[in-house]
Amino acid sequence: MARQYWLVKSEPDVYSIDDLERDGETFWDGVRNYSARNLMRDKMRVGDRVLYYHSNAKPPGVVGIAEVARESYPDHTQFDPKSKYHDPKATEEKPRWFMVDIAFVEKLPRAVSLPEIKDTKALSEMVLVNRSRLSVQPVRKSEYDLILRMSRS
DNA sequence: GCCAACGTTGGC
DNA sequence: GCCAACGTTGGC
């Protein structure tokens, strides 16, 4: 299948693009939304490209690129009573939440901010603009390419 | 810090 | 199955 494109949100205070650059690779734990889970569990493939978005930042925006390094497997934090992501209804036999691993690719030469994205007609159909609170979302190749081009200008 | 959007939970 | 109450996300 052709490479697909995604966007993931992360609060830089929690885990920023710099943290990902330092670590090289990480597991994307803590996603507790069924739409986002289904995308990770069923659609994300190794090698897919991922726009890395800083939410709750000033300004919020796309700051880098990552790629899917491992396809979905159960998110271990759901089984951990001490984790804030613990889910008492999940069992090892029947996990409810899944995650993927993502690897650092590069930081954008310049962040592309949310206001800028909102001002760009060709990006007006992005899920980011039209649906609040989805932390893993699909992106069109044309949108991905345009954001990269904007970051270089 | 506020609050709109909206997903989830649980009573009925 | 409906829907009110509740909790969270995330921009501003």
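Taking the charged nitrogens against the carboxylate oxygens, A:Asp75 and A:Arg37 have no contact shorter than 4.0 Å, which rules out a salt bridge. Between A:Arg45 and A:Asp48, no side-chain nitrogen of the basic residue sits less than 4.0 Å from a carboxylate oxygen of the acidic one, so the salt-bridge criterion is not met.
Between A:Trp28 and A:Tyr52, a ring centre-to-centre spacing shorter than 6.0 Å is recorded.
Along DNA chain B, the nucleotide nearest A:Ser132 and the nucleotide nearest A:Asn56 are compared for position; the residue whose nucleotide lies closer to the 5' end is A:Asn56.
Note on A:Lys89: only backbone sugar-phosphate atoms sit closer than 4.0 angstrom, heavy atoms only; bases stay farther off. If you check every strand for non-hydrogen atoms under 4.0 Å, A:Arg32 touches nothing.
A:Asp23 and A:Tyr15 are linked by a side-chain donor-acceptor pair at a separation below 3.5 angstrom, with hydrogens and angles left out of the test.
Taking the ring axis of A:Tyr144 as reference, the NZ or CZ atom of A:Arg140 does not stay both within 45° of it and closer than 6.0 Å to the ring centre.
The nucleotide range of DNA chain B contacted by chain A, defined by atoms under 4.0 angstrom from heavy atoms of the protein and reported 5' to 3', is B:dA5 to B:dG10.
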